[in-house]
Student: 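Encoded as structure tokens, here's the structure I'll be asking about.
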Amino acid sequence: MTVSDERVILTSKDKRQEFASEEIGQALLAGGKLIVLDRDGQELARHDCDLDRRRLADAFDRHGYPSPGRAPDGTT
């Protein structure tokens with residue numbers, strides 16, 4: 001995963017997804033997944049994520065994105 005001021009890039013073994021900063025409305029952590037939503041609340045990506053919640057939130061905060069938090073239903 002790469003987080004910069006301009007974009008967020010999610011990568012796995014066989015898949016790469018890239019989102020411009022203006023596309024991203026919110027990021028959530030739920031059930032071991034990072035879920036990226038657009039500004040209308042529609043899901044852009046669901047990506048396996050075993051990174052530390054605090055480090056992940058710091059990375060998003062540092063680049064001006066809404067911090068990944070818990071899903072609205074409270075799952076982690």
Side-chain angles (χ1 to χ4, degrees):
M1 176 183 319
T2 302
V3 180
S4 72
D5 289 351
E6 295 82 27
R7 64 191 38 84
V8 172
I9 302 170
L10 306 176
T11 55
S12 63
K13 290 185 243 181
D14 58 349
K15 189 174 183 181
R16 174 186 163 106
Q17 294 177 285
E18 186 170 330
F19 304 99
S21 59
E22 56 272 0
E23 293 179 82
I24 299 172
Q26 186 176 15
L28 306 168
L29 284 172
K33 305 277 186 190
L34 173 65
I35 304 165
V36 180
L37 305 177
D38 68 13
R39 295 183 184 270
D40 295 324
Q42 298 298 310
E43 187 173 307
L44 295 171
R46 185 175 293 256
H47 187 79
D48 289 332
C49 184
D50 60 358
L51 298 174
D52 176 75
R53 182 181 298 277
R54 182 166 289 156
R55 284 187 60 204
L56 189 60
D58 288 347
F60 274 78
D61 283 343
R62 193 169 40 253
H63 295 287
Y65 297 98
S67 295
R70 291 181 182 264
D73 65 2
T75 59
T76 57

Student: May I ask you to decide if Leu10's main-chain N or O and Arg16's side chain share a donor-acceptor pair within less than 3.5 Å?
Tutor: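 No, the answer is negative, given that no donor and acceptor are paired below the 3.5 Å cut-off.
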Student: Between Glu22 and Arg39, what is the shortest heavy-atom contact and its length?
Tutor: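 Heavy atoms only, the tightest pair is O-NE, 2.6 Å.
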Student: Would you indicate whether the side-chain heavy atoms of Met1 and Leu34 approach each other to under 4.5 Å?
Tutor: yes
Student: Would you name the heavy atoms of His47 and Thr11 that are closest together and state the gap between them?
Tutor: CE1-O, 3.0 Å
Student: Tell me the closest heavy-atom pair linking Leu51 and Leu56, and the distance in Å.
Tutor: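 Here Leu51 and Leu56 meet closest at CD1-CD1, 4.1 Å.
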Student: Examine distances only and state if a side-chain atom of His63 and a backbone atom of Val3 form a donor-acceptor pair shorter than 3.5 Å.
Tutor: yes
Student: Is the backbone of Gln42 close enough, under 3.5 Å, to the side chain of Asp40 for a donor and an acceptor to pair up by distance?
Tutor: no
Student: Kindly indicate, with the supporting measurements, whether the criterion side chain to side chain contact (heavy atoms under 4.5 Å, CB included) is fulfilled by Asp48 and Ser12.
Tutor: CA-CA 8 Å; Asp48 289 332; Ser12 63; over 6 Å; no
Student: Could you walk me through whether Leu44 and Leu37 satisfy the side chain to side chain contact (heavy atoms under 4.5 Å, CB included) test, starting with their C-alpha distance in whole Å, then the side-chain angles of each, then the deciding distance to 0.1 Å, before giving a yes or no?
Tutor: CA-CA 5 Å; Leu44 295 171; Leu37 305 177; over 6 Å; no
Student: Tell me every residue that passes side chain to side chain donor-acceptor pair (under 3.5 Å) with Gln17, counting only those two or more places apart in sequence or in another chain.
Tutor: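 If we apply the side chain to side chain donor-acceptor pair (under 3.5 Å) test to Gln17, skipping adjacent residues, there are no hits.
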Student: For Asp50, which residues count as a side chain to side chain donor-acceptor pair (under 3.5 Å) partner, sequence neighbours excluded?
Tutor: none
Student: Apply the test side chain to side chain contact (heavy atoms under 4.5 Å, CB included) to residues Ile35 and Glu43: give CA-CA distance (whole Å), side-chain angles for both, the deciding distance (0.1 Å), then the verdict.
Tutor: CA-CA 7 Å; Ile35 304 165; Glu43 187 173 307; 3.9 Å; yes
Student: Let me confirm one number: the NZ-CZ distance from Lys33 to Arg46, rounded to the nearest 0.5 Å.
Tutor: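 Output value for this atom pair is 7.5 Å.
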Student: Nearest 0.5 Å, please: how far is CZ in Phe60 from CD1 in Ile24?
Tutor: 6.0 Å
Student: Report yes or no: do Tyr65 and Ile9 belong to one cluster of Ile/Leu/Val/Met/Phe/Trp/Tyr joined by side chain heavy-atom distances under 4.5 Å?
Tutor: no
